[in-house]
Amino acid sequence: MSVLSDRDIRLALAAGEIAITPFSEADVQPASVDLHLDGTFRVFRNNRYGFIDPRVEQSELTELEHVADGEQFMLHPGEFVLGQTREKITLGNALLGRLDGKSSLGRLGLLIHSTAGYVDPGWVGNLTLELGNVARLPIALYPGMRIGQISFHRMSSPVERPYGSSELRSRYQGQTEPTASAAHLGFDDEHQLKRGSSEQLNRD
């Protein structure tokens with residue numbers, strides 16, 4: 001698996017293996033493309049549930065907040081919110097993406113993802129950002145600011161089941177806003193799998 005250079009990124013864009021909308025040539029770096037912050041955030045409302053339960057859908061745990069261009073969203077120390085890239089990303093079946101933060105923002109204490117840095121082959125949609133402030137002062141976030149960068153890795157062969165395939169039950173394909181966790185669906189899948197295994201053992 002190899003990382004695409006700036007030259008190969010341009011070739012992949014021209015060939016339709018990668019689509020980035022909107023796209024500017026000025027955002028192409030030596031081995032990545034800069035991405036920008038959208039003005040939509042999903043904010044946690046900690047007074048609505050006693051605790052976060054990943055087994056249960058907690059529809060009122062978060063709510064969307066919109067910030068206009070030129071305005072700021074203040075991320076306080078220790079606070080965690082979901083944001084998203086302004087760009088919509090589409091990947092072909094032989095490429096995967098890796099999302100990373102900008103070094104300049106990391107040096108201010110801003111984290112843009114905790115675990116969700118991996119973009120599967122076949123992905124289509126905006127990327128949800130897991131924004132956290134580990135500094136001791138609030139950090140002002142502005143819609144349109146450079147927030148991260150995505151690099152692209154060519155796989156040994158195209159995948160057989162790209163993200164979004166029906167059998168994979170992909171939860172976030174096509175997302176256009178910061179999307180709340182669908183962890184509870186994973187618990188349902190595990191329950192069904194265990195029940196199916198148990199029924200098979202009983203029949204045997």
Side-chain angles (χ1 to χ4, degrees), residues 3-4 6 9-10 12-13 18-48 52 58-91 96-120 123-152 171-182:
V3 180
L4 270 59
D6 52 0
I9 290 172
R10 293 186 183 97
L13 286 164
I18 301 170
I20 302 174
T21 308
F23 171 76
S24 171
E25 174 66 29
D27 292 324
V28 179
Q29 301 299 322
S32 65
V33 177
D34 283 345
L35 300 176
H36 302 79
L37 183 64
D38 188 60
T40 305
F41 300 88
R42 186 169 287 278
V43 180
F44 285 76
R45 299 305 183 194
N46 299 327
N47 61 333
R48 295 178 179 172
I52 296 174
Q58 295 177 308
S59 59
E60 296 184 356
L61 181 64
T62 63
E63 63 184 32
L64 289 176
E65 185 172 326
H66 301 277
V67 177
D69 286 351
E71 296 183 358
Q72 63 186 25
F73 179 91
M74 200 64 68
L75 188 66
H76 294 276
E79 190 174 11
F80 177 83
V81 303
L82 301 179
Q84 75 169 7
T85 61
R86 181 159 284 184
E87 292 84 1
K88 174 184 176 182
I89 307 294
T90 304
L91 290 184
L96 64 85
R98 177 71 194 181
L99 177 67
D100 288 296
K102 300 294 290 181
S103 173
S104 297
L105 296 177
R107 298 177 195 202
L108 298 176
L110 178 67
L111 307 180
I112 72 162
H113 71 79
S114 54
T115 60
Y118 191 85
V119 187
D120 279 299
W123 169 266
V124 178
N126 299 68
L127 302 178
T128 292
L129 305 171
E130 302 161 343
L131 299 168
N133 179 0
V134 297
R136 295 188 177 183
L137 294 172
I139 299 174
L141 303 178
Y142 297 90
M145 67 183 287
R146 282 184 170 86
I147 194 67
Q149 55 197 352
I150 186 170
S151 57
F152 302 97
R171 304 169 194 169
Y172 306 111
Q173 183 75 310
Q175 64 185 15
T176 58
E177 62 183 29
T179 305
S181 172

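Values below: every heavy atom of this structure, side chains too, minus hydrogens, waters and symmetry copies.
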Task: Q149 side-chain N/O to D100 backbone N/O, donor-acceptor pair under 3.5 Å - done: no
Open item on the list: Going by salt bridge (Lys or Arg N to Asp or Glu O under 4.0 Å), name the residues that satisfy it together with E177, two or more places apart in sequence or in a different chain.
Closed with: R42
Task: Side chain proximity check, T128 to H113, heavy atoms < 4.5 angstrom - done: no
What donor-acceptor contacts under 3.5 angstrom involve side-chain atoms of residues 23-30, with partners at least two apart or in another chain?
residue : atom : partner : partner atom : Å
S24     : OG   : A26     : N            : 3.2
E25     : OE2  : R10     : NE           : 2.7
E25     : OE2  : R10     : NH2          : 2.8
D27     : OD1  : R146    : NH2          : 2.9
Q29     : NE2  : D34     : OD2          : 3.1

Task: Interatomic distance, D120 atom CG to L91 atom CG [nearest 0.5 angstrom] - done: 9.0 Å
Task: All pairs passing side chain to side chain donor-acceptor pair (under 3.5 Å) where residues 71-83 contributes a residue, at least two apart - done: Q72-Y142
- [ ] Can you sort out the partners of S104 under side chain to side chain donor-acceptor pair (under 3.5 Å), two or more places apart, ordered by chain and number?
- [x] none
Task: Side chain Q173, main chain V124, donor-acceptor under 3.5 Å - done: yes
Task: Residue pair A135 / P77: nearest heavy atoms and the distance that separates them - done: O-CB, 3.3 Å
Task: Gap between atom OG1 of T85 and atom CG of L35 - 0.5 Å precision - done: 5.5 Å
Open item on the list: Quick check: do L82 and E130 have side-chain heavy atoms less than 4.5 Å from each other?
Closed with: yes
TODO: Taking all non-hydrogen atoms of both residues into account, name the closest pair between L108 and I139 and its distance.
DONE: O-CD1, 3.7 Å
Task: Any I112 side-chain heavy atom under 4.5 Å of L131 side chain - done: yes
Task: Spacing of CD1 belonging to I52 relative to CG belonging to N46, to within rounding of 0.5 Å - done: 7.0 Å
TODO: Go through the steps to decide whether R48 and E63 satisfy the test side chain to side chain contact (heavy atoms under 4.5 Å, CB included), and finish with yes or no.
DONE: CA-CA 11 Å; R48 295 178 179 172; E63 63 184 32; 2.9 Å; yes
TODO: Flag the pair I150 / L127 as yes when at least one side-chain heavy-atom distance between them is below 4.5 Å, and no otherwise.
DONE: yes
Open item on the list: For F41, give me all partners under ring pair (Phe, Tyr, Trp, His ring centres under 6.0 Å), at least two apart in sequence or on another chain.
Closed with: F73
TODO: Step through the shown structure and confirm whether more than 12 heavy atoms of other residues, nucleotides or ligands are within 6.0 Å of NZ on K88.
DONE: no
TODO: Using the test side-chain contact (heavy atoms from CB on, under 4.5 Å), find all partners of D69 that sit at least two apart in sequence or belong to another chain.
DONE: R86, P143
TODO: Could I get the full list of side chain to side chain donor-acceptor pair (under 3.5 Å) partners for R136, not counting sequence neighbours?
DONE: none
Task: Gap separating the CZ atom of R45 from the CD atom of E60, nearest 0.5 angstrom - done: 12.0 Å
Task: Nearest-0.5 Å distance that lies between atom CG in L110 and atom CG in N133 - done: 7.0 Å
Open item on the list: List the residues meeting side chain to side chain donor-acceptor pair (under 3.5 Å) with D38, not counting sequence neighbours, and say none if there are none.
Closed with: T40, Q84
Task: W123 side, atom CH2; I89 side, atom CD1 - distance, nearest 0.5 Å - done: 10.0 Å
